[in-house]
Amino acid sequence: MKLIIQIPCLNESEHLPATIADLPRIIAGIDSIEVLIIDDGSTDNTSEVAEHCGVHHILRFPHNRGLAAAYQAGANACFRLGADLIVNTDADNQYSGFDIPRLIEPILQQRADIVIGDRQVSEIKHFSPLKKFLQLWGSSLIRSISGIQVVDATSGFRAMNRAALAQLFVHNRFSYTLETIIHAGKVGLSVENVKISVNDQLRPSRLFGFIPEYLMRSGIIIFRSYAMYSPMRLFGYLAVTLFSIGAFLCLRFLYFYFQNPEVSAHIQSLQLGTGTVIVAFIVGLFALLADLNANNRRLLEETLARVRLIESSLDPAKLGNIHGLRTTDKQTWTRN
């Protein structure tokens, strides 16, 4: 059983040594542990510090591509490197490495495909009351959309097995946390929550500058993900609502017309109602086309998942090198 711990980084040379030192070298049920650093276009010496600290693989981007892209590239690399399961953690040492054995336990016991660390947001001291409320409210929204009883939807401390690695994809450039949960719910992956501890904050978040910015970008991700995986439900509800409004306005006109046919009153209701009904039919047509497109995308994702599984069974030498990936000469952490 091979575990790869992936750590997306952006100018983390200061905090990376503490993060790597905190990682466990031996875990029960795991034969080998390797560490992959995804250097997302750092302008400092993050990659050099990572190699000095003993990481086994470094995937470096020539320029910044965003957290979601770094996460997805790291997951793809882990899959090609033969990982049976991966753990994603942050480079700023926000999450305790001592929680990794508990994080992967549900996967080792074959109870879950994905395990998400529950930071117990309401107890985090450096979170403001507003941030705590938004985190809890956002998690409840993701639960209702995805059908997964996730407690801390924005937690980046996660573990997943090969089935999840093969099937999950990230389509935005901002963050992977919310979209992957929605996707996991749609493809039927099993998700569990594990309570974890959180270290003291070493620096402000680099993912966003202000809470309104985060809400706007996260809201767009949630809407796009829901529209991507459940287009018929989303646009179907909209079409039904518009049709109901249009039908009501048309019936209102007819009601007054039959009371006094000689008076041409309430023409505006007829015009607005007719236009609304036409728009409803157009939205319904878009819903049908979006649903057909979603089915095609599901087939493409299933095909890509099968390709990933086939590639992972082949000799890595025959697949060629992963662009930007460099394996160091550090020895793999094993139980021997």
Side-chain angles (χ1 to χ4, degrees), residues 4-10 12 19 36-41 59 61 64-80 83 85-92 94-95 100 103-104 107 112-119 121 134-135 138-139 141-143 145-146 148 150-187 189-194 196 205-208 213-229 297 301 304-305 308 324:
I4 296 183
I5 303 171
Q6 71 166 30
I7 310 176
C9 300
L10 175 62
E12 295 288 2
T19 301
L36 166 67
I37 296 297
I38 305 99
D39 186 347
D40 189 18
L59 178 59
F61 299 156
N64 180 258
R65 293 170 54 184
L67 177 60
Y71 168 85
Q72 185 65 69
N76 293 339
C78 288
F79 203 87
R80 291 276 298 272
L85 67 159
I86 72 167
V87 167
N88 186 87
T89 188
D90 287 355
D92 61 356
Q94 174 185 176
Y95 307 110
I100 290 179
L103 191 71
I104 67 175
I107 296 178
D113 300 303
I114 302 172
V115 182
I116 300 176
D118 173 17
R119 295 171 292 178
V121 171
L134 292 174
Q135 293 276 3
S139 294
L141 177 62
I142 295 299
R143 285 195 294 271
I145 292 177
S146 66
I148 292 177
V150 59
V151 179
D152 187 1
T154 58
S155 172
F157 194 47
R158 303 182 175 194
M160 63 181 65
N161 60 16
R162 290 178 65 80
L165 271 174
Q167 296 182 65
L168 293 185
F169 305 92
V170 181
H171 301 282
N172 76 90
R173 295 176 59 87
F174 180 58
S175 177
Y176 60 91
T177 54
L178 304 179
E179 184 177 349
T180 50
I181 294 175
I182 297 173
H183 193 180
K186 299 306 178 183
V187 299
L189 295 174
S190 175
V191 180
E192 281 198 18
N193 306 281
V194 170
I196 60 171
S205 173
R206 292 175 179 164
L207 186 60
F208 62 95
E213 176 193 358
Y214 179 77
L215 291 176
M216 182 185 68
R217 301 186 73 172
S218 296
I220 293 173
I221 291 172
I222 293 172
F223 178 81
R224 287 187 61 191
S225 299
Y226 189 69
M228 186 181 300
Y229 297 112
R297 190 191 60 257
E301 289 180 347
L304 182 55
R308 284 178 169 178

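The residues of the chain are indexed from 1 along the displayed sequence. Small disclaimer: the values here were computed from a predicted structure and weren't measured.
- Annotation for G74 and L59: closest pair N-CD2, 4.2 Å, computed over non-hydrogen atoms.
- Between the side chains of H183 and Q167, no donor N or O sits under 3.5 Å from an acceptor N or O.
- For the pair Y95/I196, a side-chain contact is recorded, criterion being any heavy-atom separation below 4.5 Å from C-beta on.
- To the nearest 0.5 Å, the span separating NZ on K186 from CD1 on I181 amounts to 13.0 Å.
- Here E192 contributes atom CD and L103 contributes atom CG; the two are 10.5 Å apart, rounded to the nearest 0.5 Å.
- Just one residue in the list I7, I100, I107 forms a side chain to side chain contact (heavy atoms under 4.5 Å, CB included) with V87, and that residue is I100.
- Within the 4.5 Å cutoff, the side chain of L178 has heavy atoms near those of the T154 side chain.
- For R297, the CZ atom is densely surrounded, since the number of other residues' heavy atoms within 6.0 Å is greater than 12.
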**Request:** Could you give me the CA-CA distance, side-chain angles and deciding distance for L168 and L189, then say whether side chain to side chain contact (heavy atoms under 4.5 Å, CB included) is met?
**Result:** CA-CA 10 Å; L168 293 185; L189 295 174; 3.8 Å; yes
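- Judged by distance alone, with hydrogens and angles left aside, the side-chain atoms of N76 form no donor-acceptor pair with the main-chain N or O of F79 at under 3.5 Å.
- Of the possible donor and acceptor atoms, one in the side chain of Q6 sits under 3.5 Å from a partner among the backbone N and O of A75.
- When side chains are defined from C-beta on, Y229 counts as touching E179, because their heavy atoms get closer than 4.5 Å.
- Residue I38 holds its CD1 atom at 11.0 Å from CZ of R65, rounded to the nearest 0.5 Å.
- Minimum interatomic distance between R224 and H171 (heavy atoms only, all atoms of both residues): NH2-O, 4.4 Å.
- Residues satisfying the side chain to side chain contact (heavy atoms under 4.5 Å, CB included) criterion with A68, sequence neighbours excluded, are V170, N172.
- Here the CG atom belonging to D39 is positioned 8.0 Å from the CG atom belonging to L10, to the nearest 0.5 angstrom.
- Remark: the backbone N or O of A70 is not paired with any side-chain donor or acceptor of D40 at under 3.5 angstrom.
- From L36, atom CG reaches atom SG of C78 across 5.0 Å, with rounding to the nearest 0.5 Å.
- A distance of 7.5 Å separates CG in L67 from CG in D90, rounded to the nearest 0.5 Å.
- Nearest approach of I114 to A164, heavy atoms of both residues: CG1-CB, 3.7 Å.
- In plain terms, the two heavy atoms of Q135 and V121 that are nearest each other are CB-CG1, 3.8 Å.
- Using a 4.5 Å heavy-atom threshold, the side chains of N88 and P8 count as touching.
- At least one side-chain heavy atom of I104 sits less than 4.5 Å from a side-chain heavy atom of L85.
- In this structure, A83 and R162 approach most closely via the heavy-atom pair O-NH1, 2.7 Å.
- Of the possible donor and acceptor atoms, one in the side chain of N193 sits under 3.5 Å from a partner among the backbone N and O of V151.
- Side-chain contact annotation: R217 with S175, donor-acceptor N/O pair under 3.5 Å absent.
- Contact of the F169 side chain with the T180 side chain is not registered, since no non-hydrogen atoms from C-beta on lie closer than 4.5 Å.
- Remark: side-chain polar atoms of S225 are not paired, donor with acceptor, to backbone N or O of I222 under 3.5 angstrom.
- Put simply, the side chain of I5 reaches to within 4.5 Å of the side chain of T89, judged on heavy atoms.
- Between D113 and M160, the closest side-chain pair of non-hydrogen atoms is not below 4.5 Å.
- Here the rule is salt bridge (Lys or Arg N to Asp or Glu O under 4.0 Å) with D152, and of R158, R119, R143 only R119 fits it.
- Put simply, the side chain of S155 never gets that close to the backbone of D118: no donor and acceptor are under 3.5 Å apart.
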